[in-house]
Every structure is written in C-alpha cells, then in structure tokens.
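Remarks on the structure that follows.
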Amino acid sequence: MTTKQEVLECSVSNFTKFGSKRFTMDELASELGISKKTIYKFFDSKEDLVIQCVELLIKNYKNEITSIDGNPISSIILIYKKAFQHIAHFKPSFIFGLKKYYPKANLVFDEFRDYILNTIIYPFLLIAQTDGIIRPEVNLRLFCDLYFVRFEEIALKNNTFFDNYTNEELLNHFIVFNLQGITVEGYKIDFE
C-alpha cells in the first residue's frame with residue numbers, strides 16, 4: 001500500500017522537475033500505480049499536496065543547514081551553497097508555478113525565504129559587522145535587499161544558468177564576491 005510519504009516524495013521529485021502545474025494528478029497516480037482517489041485520501045486538493053511538498057522541501061533544507069557552524073561569513077556562504085545544490089534541480093516552472101497557480105504554497109515559500117533572510121542571514125551579518133569583519137558603513141538591510149532577496153528567482157529565470165555554469169561559479173558570483181566586497185580590507189573568506 002502506498003503511504004502519504006511516498007506520494008509526497010514522488011510529487012516533490014516530479015513537481016521540481018516538471019513544474020507543479022504541468023505534472024498532473026493523473027500522471028502522479030499513474031507513476032505511483034494508484035488511483036487519484038487514493039491520493040485524495042491523503043490530500044484535500046492538489047494545492048494541499050503542493051503546499052505539503054513545499055513544506056517537505058523546506059524541512060529537508062532546514063535539516064541540512066542546522067549543522068552549519070563556523071564564523072558568520074562562512075556560515076552564510078555554506079547556507080547558500082546548500083541552497084544552490086537544491087535549486088539546481090528545480091525547473092523554473094516550479095517556483096513560478098507556485099506564484100501563478102498555488103498562492104498558498106507560494107506564501108509558505110515566501111515565509112521561508114523571509115525566515116532564512118531575517119532570522120539567519122541578517123543576524124550573521126550583524127555579528128560579522130560587530131566583530132569588525134564587515135565595514136561599519138555598510139547598510140546591512142540594503143545589502144540584503146540588493147543581494148539576497150529572491151536570488152533564486154534571478155538564477156531560475158534563465159533555464160540555462162545551471163546548465164552553463166557550475167554551482168561554484170554561481171555561488172561565487174551571487175554570494176561570495178558580494179560578501180567579499182563589504183568585508184574589511186585583508187579579510188579572507190574561507191568556507192570549505
């Protein structure tokens with residue numbers, strides 16, 4: 001018998017690969033070898049399924065980043081390194097499909113992005129500035145708005161970003177070089 005977790009995992013795999021709107025409940029049922037009625041025993045609607053898929057993706061990502069420990073700059077870089085590893089497997093239609101077709105799921109995703117930025121990244125930047133790693137004249141809120149807010153949308157707008165560039169190149173150009181630009185002279189970023 002198929003479990004709710006199996007339905008979720010199959011859905012996550014296919015929604016991120018094909019887009020949550022494009023991959024249908026009929027296709028999901030066929031892939032799992034079950035009826036749509038069985039899927040609806042676990043989920044009230046397709047939007048409910050999409051929301052729970054987004055929540056599962058968030059949970060898995062949070063589990064990966066909770067063990068990150070180090071100086072604040074290195075921690076920020078490692079958090080985004082993990083994010084790039086995750087979104088490299090997403091098709092642009094997944095994120096944009098949330099916005100267009102599943103507003104409640106998109107709200108869950110937006111709240112998660114805000115949580116990461118405001119509860120984890122911004123405090124790390126404050127610590128780095130207090131510790132003298134980041135120059136005192138840097139407006140950290142403005143920096144976050146310019147460089148960290150919705151970076152994945154920029155990366156995902158172009159279908160070929162992850163095909164044409166390595167995760168390391170993208171991490172360096174989106175995150176590392178920008179952080180290097182606000183650190184005090186002589187500070188060496190080390191995050192391996």
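Taking the six-membered ring for Trp and the full ring otherwise, Phe148 and Phe143 have centroids separated by under 6.0 Å.
Of all non-hydrogen atoms in Leu49 and Val7, the two that sit nearest each other are CD1-CG1, 4.3 Å. Between Phe15 and Phe23, the shortest heavy-atom distance links the atoms CE2-O, 3.7 Å. Residues Gln180 and Tyr187 approach most closely at NE2-O, 3.0 Å, considering heavy atoms. When all heavy atoms are compared, the tightest approach of Gly97 to Ser20 is C-OG, 4.4 Å. Contact between Ile134 and Ile73 at its shortest, heavy atoms only, is CD1-CD1, 4.1 Å.
From Cys53, atom SG reaches atom OH of Tyr102 across 10.5 Å, with rounding to the nearest 0.5 Å. We find the CD1-CD1 distance between Ile175 and Ile77 to be 8.5 Å, quoted to the nearest 0.5 Å. Note that the CZ atom of Phe177 and the CG atom of Leu171 stand 9.0 Å from one another [nearest 0.5 Å]. From Asn178, atom CG reaches atom CD1 of Ile182 across 8.5 Å, with rounding to the nearest 0.5 Å. Going from atom CZ of Phe84 over to atom CG of Asn167 covers 7.5 Å, rounded to the nearest 0.5 Å.
Within the structure, salt bridge (Lys or Arg N to Asp or Glu O under 4.0 Å) contacts touching residues 38-48 (residues at least two apart or in different chains) do not occur. The list of side-chain hydrogen bond (donor to acceptor under 3.5 Å, both in side chains) pairs with a residue in residues 54-65, not counting sequence neighbours, reads Glu64-His86.
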**Request:** Report the C-alpha distance between Tyr122 and Leu126 in whole Å, list the side-chain angles of each, state the deciding distance to 0.1 Å, and finish with yes or no for side-chain contact (heavy atoms from CB on, under 4.5 Å).
**Result:** CA-CA 6 Å; Tyr122 184 74; Leu126 282 173; 3.3 Å; yes
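Checking Glu27 against Asn14 by side-chain atom types alone, no donor-acceptor pair falls below 3.5 Å.
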